[in-house]
Q: 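Okay, here's the structure, questions in a sec.
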Amino acid sequence: MAKRFQNPKGTRDVLPEEQHYWRRIESVFQRLSDVYGFEKLTLPIFEETSLFQRGVGETTDIVEKEMYTFEDKGGNSMTLRPEFTAGVVRSYIQNGMASLTNPVKVWSTGPVFRYERPQAGRYRQFTQFNVEAFGEIDPALDFEVMSLAWQLYDELQFKNLSFQLNSIGCPVCRPGYLEQLKSYYHKNLHIVCDDCKSRLDKNPLRLLDCKNVQCQPTIQSAPAMKEHLCAECDDHFKTLLGYLDDMKRPYVINPRLVRGLDYYTKTVFEVWAEGIGAQNAVCGGGRYDGLAEMLGGKPTPGIGFAAGLERIVLTMQNQGVEVDPIPGPRVYFAPMGDAAKRASVRLITELRLQGIESVIGFGGRSFKALMREANRRGVRLVCIMGEEEISKNVCQVKDMEGGEQKSISLEEVIPAVKEILSAGS
Ligand code: ATP
Ligand code: MG
């Protein structure tokens, strides 16, 4: 027997019965992006490997362990995108978006790839909704990006939303803080994990988000960036908090929330929601005022966030959020005999041209089999035709709601069907 294939580990097939969640989520994205003034940007799924090495950072888990990198037939190293931001910044620079009216605000969605250990809600191919805004340092923009994330989850009926928030400073104030953090860790080196020992030199800010139980007490007592912000960063952070207070958005200032690389600056945030299990974060984002320059552009501030769609779907399913099903067919054609089939094919083609969801019974099925299919498809109307109907140039139109059946001349079938359907349920 020929080999039967399986989807690759860490990927999933989204079957038709789950698609109504996806459609709902996507329609909320699209609408809210319009409401907040973000335009859609569609990007390639793979980019030059070095873009991600620089844009995500050599010392991150993503670049060190998780990228799907391959050499193409021209000998170039390519990587399936593990996130959106690097590609979006690449596109902003390449397409001269700095000369547009700034801020430039864009959103994207699609698959991203990370070679991770698959588990519930953690896949090797997953889907992100990604938002970026460039060219403005005003904390009102930070608030806007955070608000969009918030409203997204709120409209999808996530419960008990709150922000986790931090400021990681900037190249002016962070180096001094990092020195303090490092000397604190040097004193505690005997009680932290091996990963943290290597982070100390490579990427000290990342010490603060170590998940290892053994390192938690050290993290708890570590000096906090917030106490070391320069006047500009402190003012930026306080202004942002003011907007959040005004709108009564609950937030927790979490000094362990960090991004490990120099080009990430100031605001870092996550949205948390109830019932996500061990990982409460439903999306994460922050500022990266140094990234555009790092990727060869002019210095350009930026802020964005990314949300994982699979985790949104899982949460909606777990919390029993009701989502309207995608409408199925409303009309079923049940022809018996060649002449009836021909007339039915003609009618259904016309009906579909007019946008009415309709399906037809194929092959030479019996009346009973046709009616069984019509039932299973859940249609409102069945158009039944056999030899007798053809000889009289009519069609029997049966209303499955109430069971009424009328004989309608073929010329009148389409307007009659449309009228019954538009008369409502
Ligand atoms: P985590 O801490 O769960 O690994 P992360 O910090 O790596 O998340 P980001 O890079 O900020 O996540 O990506 C944004 C969002 O993408 C996450 O909040 C999550 O919803 C989703 N996400 C990240 N990794 C995966 C994955 N392997 N499978 C499914 N969704 C994911
Ligand atoms: Mg991760």
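Counting convention: from 1, in listed order, for ligands and their atoms alike. Keep in mind that the numbers below use all heavy atoms, side chains included, and drop hydrogens, waters and symmetry copies.
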Q: Numbering the atoms of ligand 1 from 1, which are under 4.0 Å from a heavy atom of Tyr123?
A: 26 (C), 27 (N), 28 (N), 29 (C)
Q: Which of the atoms of ligand 1 are close to Gln128, meaning less than 4.0 Å from one of its heavy atoms?
A: 13 (O), 14 (C), 15 (C), 16 (O)
Q: Evaluate the ring pair (Phe, Tyr, Trp, His ring centres under 6.0 Å) criterion for residues Tyr92 and Phe134: first the C-alpha distance (whole Å), next the side-chain angles of each, then the deciding distance (0.1 Å), finally the verdict.
A: CA-CA 9 Å; Tyr92 177 89; Phe134 297 100; 4.4 Å; yes
Q: Aromatic ring centroids of Trp107 and Tyr36 under 6.0 Å?
A: no
Q: For ligand 1, which is the ligand I care about here, please tell me if Glu310 has any N or O atom under 3.5 Å from one of the ligand's N or O atoms.
A: no
Q: My understanding is that we take every heavy atom of each candidate and find the minimum distance to atom 25 (C) of ligand 1. Doing that for Phe305, Phe126, Phe113, which one comes out nearest?
A: Phe126
Q: Any N or O of Arg311 that comes nearer than 3.5 Å to an N or O of ligand 1?
A: yes
Q: Compute both the distance and the angle, then confirm whether Arg377 meets the cation-pi test with Tyr332: under 6.0 Å from the six-membered ring centre, within 45 degrees of the axis.
A: no
Q: Please state which part of Arg114 comes within less than 4.0 Å of ligand 1, counting heavy atoms only: side chain, backbone, both or neither.
A: side chain
Q: Go through the side-chain N and O atoms of Thr109 and Gln128 and say whether any donor and acceptor fall under 3.5 Å apart.
A: no
Q: Would one find an N or O of Gly308, backbone or side chain, under 3.5 Å from an N or O of ligand 1?
A: yes
Q: Are Lys105 and Glu136 close enough for a salt bridge, meaning some N to O gap below 4.0 Å?
A: no
Q: Starting from the C-alpha separation in whole Å, work towards a yes-or-no answer on ring pair (Phe, Tyr, Trp, His ring centres under 6.0 Å) for Tyr251 and Phe163.
A: CA-CA 4 Å; Tyr251 60 84; Phe163 286 114; 8.1 Å; no
Q: Side-chain contact test, heavy atoms from C-beta onward, threshold under 4.5 Å: evaluate it for Pro82 versus Val112 and give yes or no.
A: no
Q: For Thr85, is there any backbone N or O sitting under 3.5 Å from a side-chain donor or acceptor partner on Glu83?
A: yes
Q: What atoms of ligand 1 come within less than 4.0 Å of a heavy atom belonging to Ala306?
A: 14 (C), 15 (C)
Q: Hey, which atoms in ligand 1 end up nearer than 4.0 Å to a heavy atom of Cys283?
A: 18 (O)
Q: Which atoms of ligand 1 are found less than 4.0 Å from any heavy atom of Gly121?
A: 28 (N), 29 (C), 30 (N)
Q: Between Val282 and ligand 1, find which residue part has any heavy-atom pair under 4.0 Å and reply side chain, backbone, both or neither.
A: backbone
